[in-house]
Structure formats: structure tokens, C-alpha cells
Amino acid sequence: MTVREISVDQLGVGVLLDVRSPNEYAAGHLPGAVNVPLDELPAIAARYAGQDVVTVCHSGARSLSAARLLAAAGARVQSLAGGTEAWRQAGHPVETGH
């Protein structure tokens, strides 16, 4: 299953899912992102069916795995290429804490 990767500049509307560990998320995440660790996602993927979702991790690898899983569950999903690191490098702020 092919998943579309988008750049920081293409980030639009939809549920923003950060699939990193809670500690990674707390250290800095995109504003408005919801933390659902990748290992917990299979149990709840179906709740995102029919929704627009953008997955994000540190550099983009885990978010691609998450995006494939969500797409199989019926979500309209995209993955943020370069992840949180690309977001920071583009000069955008991150939020910290849970």
C-alpha cells in the first residue's frame, strides 16, 4: 500500500498523530498533535476510519508504518516526511509536556 508523504509546507487539516513514545512526545511535538505510540495503534486504528490523518514521528520511518496501518483501517492518511526533525529545521515551534 502506497502512502503519500507530505512536506512541512504541505501540512494541512486533519488529525495529527504523533506515533513516538510518550517520552519522545513530551520532549517536543508539533502543536496540536495527539500521542498514539506506534505499538498501541493497531488496537485503535479503526476509530480513524473515514478521517483525514497525518502521521508524524522523529524522522518519518515510524510514521510511514503507522500511515499504512491507518490506511488499511480506512483512514485517508498522509505521513509527514522528515517528521518532527524536519518541522524543527523549518523553524517551527514545538510544544513540550504531555
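Heavy-atom basis, side chains included; hydrogens, waters and symmetry copies ignored.
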Within-4.5 Å side-chain heavy-atom neighbours: [X] and [Y]:
X     : Y     : answer
His29 : Val94 : no
Ile6  : Arg4  : yes
Asp18 : Val36 : no
Val3  : Gln78 : no
Ser65 : Leu38 : yes
Val54 : Val77 : no

Whether the side chain of [X] engages the backbone of [Y] through a donor-acceptor N/O pair (distance < 3.5 Å, no angle test) should be reported.
X     : Y     : answer
Gln10 : Ser7  : yes
Glu24 : Ser21 : yes
Asn35 : Leu17 : no

Test side chain to side chain contact (heavy atoms under 4.5 Å, CB included) on Cys57 and Thr84; report intermediate values, then the result.
CA-CA 6 Å; Cys57 63; Thr84 305; over 6 Å; no
Remaining members of hydrophobic cluster (4.5 Å side-chain criterion), Tyr25:
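Members other than Tyr25 - counting any ILVMFWY side chain reachable under 4.5 Å - there are none.
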Give the minimum heavy-atom separation between [X] and [Y], together with the two atoms involved.
X     : Y     : answer
Asp52 : Arg76 : OD1-NE, 2.7 Å
Ala73 : Ala49 : O-CB, 3.2 Å
Ala27 : Thr96 : O-CG2, 3.5 Å
Pro31 : Pro93 : CD-O, 3.5 Å

Under a 4.5 Å side-chain heavy-atom rule over Ile, Leu, Val, Met, Phe, Trp and Tyr, are [X] and [Y] clustered together?
X     : Y     : result
Val15 : Leu30 : no
Val34 : Leu11 : no
Leu16 : Leu41 : no
Val56 : Val53 : no

From Ser79 atom OG to Arg62 atom CZ, the distance as rounded to the nearest 0.5 Å
11.5 Å
Look up atom OG1 in Thr55 and atom CD in Glu5, then write down how far apart they are to the nearest 0.5 Å.
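Taking OG1 in Thr55 and CD in Glu5, the distance rounds to 8.5 Å.
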